[in-house]
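Treat the numbers as computed from the prediction; the structure is a model and nothing was measured. Position 1 is the first residue of the sequence, and the numbers go up from there.
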Amino acid sequence: MGTSETSIYAIILAAGTSSRMGKPKQLLSFGNKNLLDTVIRLVSSVDFTEILAVIGWEAEAIQKEITIGDPRFQWVINPNFEKGQSASLHKAIEHTAGTPINVIIFLGDLPFLKSETIQTVFNVGKKKLQSIRDPFVVRPKLKGKVGHPVFLGNIERGWFDQLQGDQGAKLILKQIHDRTEVEVLDEGILFDIDTPEDYEKAVTLLNEKHK
């Protein structure tokens, strides 16, 4: 475990009810794994202090289905998952140490993220931590569009208390002036899976990649 100054936590938000999908998208088959398992293993490829996956709806089924042996990994259960992403972020932050804190926020339904993209965002943020003490954000960008994951650095713990609803960390992002957008060649930063059509498209894309 690193000191609070150098600790960088990964938070994977995956507590939602998959309302547009009609069944738990976290457990949708994806290659030889399922969707959330794929994302967790991608995140695990980078040197995070701890990896926190926040689940809520169907939490028991998800834990039964997905086994992660990485000692840095832990499940965080959000009983208030109906209150949206902010409640999940709150819950995850409770499992971090120290203040200010450094987190990279992932969505559990972006399985096409490249590990190189995660590593790049991590490296840029880590370098900034060595030179500044003010809050900052680092995000990947493709063709003018910013996506996930989002690195929040030097954030006071209390900032997360103001978050509400399904806005995630948007309120915090608005308050940060130091923003770095890293150009990446990675469609995966924008490709989330919400609907059966999205899933169908994702499976087709995955099959093409494996040909």
Side-chain angles (χ1 to χ4, degrees), residues 8-21 23-28 30-31 33-46 48 50-59 62 66 68 73-78 80-93 95 102-122 125 137-142 145-152 160 163 165-173 181-182 184 186-199 201-203 205-206:
I8 301 173
Y9 294 88
I11 295 174
I12 303 167
L13 300 176
T17 58
S18 311
S19 54
R20 286 188 279 170
M21 185 65 68
K23 54 186 173 184
K25 62 181 174 182
Q26 298 92 329
L27 296 178
L28 288 172
F30 196 76
K33 294 190 275 291
N34 54 45
L35 198 58
L36 181 54
D37 196 350
T38 300
V39 175
I40 293 169
R41 289 175 195 279
L42 264 173
V43 174
S44 301
S45 68
V46 174
F48 288 103
E50 284 183 26
I51 298 163
L52 311 169
V54 189
I55 52 175
W57 188 58
E58 297 286 357
I62 291 166
I66 301 173
I68 306 291
F73 177 82
Q74 65 170 304
W75 294 112
V76 173
I77 311 295
N78 173 20
N80 300 314
F81 57 87
E82 299 100 332
K83 292 183 177 175
Q85 280 187 0
S86 298
S88 289
L89 263 176
H90 270 292
K91 205 73 196 158
I93 295 302
H95 288 75
N102 311 300
V103 298
I104 301 190
I105 300 166
F106 295 84
L107 303 181
D109 60 359
L110 269 79
F112 288 114
L113 258 184
K114 292 179 180 173
S115 54
E116 306 96 271
T117 299
I118 303 171
Q119 189 68 60
T120 298
V121 172
F122 180 93
V137 60
V138 179
R139 299 189 76 170
K141 184 164 79 168
L142 175 74
K145 290 184 180 174
V146 288
H148 280 79
V150 180
F151 192 129
L152 295 174
F160 289 93
L163 302 180
D166 210 29
Q167 292 294 296
K170 282 180 184 165
L171 203 56
I172 291 177
L173 290 172
E181 292 172 355
V182 186
V184 294
D186 184 358
E187 302 274 355
I189 70 167
L190 303 168
F191 193 137
D192 60 343
I193 297 173
D194 286 323
T195 64
E197 291 76 26
D198 293 339
Y199 176 53
K201 190 175 164 188
V203 170
L205 191 60
L206 186 69

Task: Donor-acceptor under 3.5 Å (Arg139 side chain, Glu181 main chain) - done: no
TODO: Taking the side chain as every heavy atom from C-beta outward, state whether Asp37 and Ile68 have any pair of such atoms under 4.5 Å apart.
DONE: yes
TODO: Specify the closest pair of heavy atoms between Ile12 and Leu107, including all atoms of both residues, with the distance to one decimal.
DONE: CG2-C, 4.5 Å
Open item on the list: Would you compute the distance between atom CG of Leu35 and atom CD1 of Ile193 and round it to the nearest 0.5 angstrom?
Closed with: 4.5 Å
TODO: Kindly indicate whether the side chain of Ile40, heavy atoms from C-beta on, has any atom under 4.5 Å from the side chain of Trp75.
DONE: yes
Task: Close side-chain approach of Lys33 and Ile66, heavy atoms under 4.5 Å - done: no
Open item on the list: So Phe151 and Val182, do their side chains get closer than 4.5 Å, heavy atoms only?
Closed with: no
Task: Residue of the set Asp198, Asp194, Thr195, Asn34 for which side-chain hydrogen bond (donor to acceptor under 3.5 Å, both in side chains) holds with Lys25 - done: Asp194
Task: Shortest non-hydrogen contact between Ser115 and Val46, atoms and distance - done: O-CG2, 4.4 Å
- [ ] Mark yes or no for whether Gln26, through its side chain, and Ile62, through its backbone, hold a donor-acceptor pair below 3.5 Å.
- [x] no
- [ ] Hey, could you give me the OH/CD1 distance between Tyr9 and Ile104, rounded to the nearest 0.5 Å?
- [x] 13.5 Å
- [ ] Check Pro111 against Thr38 and note the closest heavy-atom contact, atom names and distance.
- [x] O-CG2, 4.0 Å
Task: Heavy-atom pair of closest approach, residues Leu36 and Ala14 - done: CD1-CB, 3.7 Å
Task: Over all atoms of both residues, closest heavy-atom pair of Thr117 and Pro140 - done: CG2-CB, 4.1 Å
TODO: Inspect the surroundings of CD in Gln119 and state if more than 12 heavy atoms from other residues, nucleotides or ligands are less than 6.0 Å away.
DONE: yes
Task: Check: Leu206 and Phe112 side chains under 4.5 Å, non-hydrogen atoms - done: yes
Open item on the list: Ring centres under 6.0 Å, that's the criterion: do Phe48 and Phe73 meet it?
Closed with: no
Task: Nearest-0.5 Å distance, CG of residue Leu27 to CE of residue Met21 - done: 12.0 Å
Task: Shortest non-hydrogen contact from Val184 toward Leu142 - done: O-CD1, 3.1 Å
TODO: Look only at the side chain of Asn78 and the backbone of Lys91, and say whether a donor-acceptor pair between them is shorter than 3.5 Å.
DONE: no
Task: Positive for side-chain contact (heavy atoms from CB on, under 4.5 Å) with Leu113, one of Ile118, Val121, Val43 - done: Ile118
TODO: Using a 4.5 Å cut-off on heavy atoms from C-beta on, say whether the side chain of Ile93 contacts that of Ile11.
DONE: yes
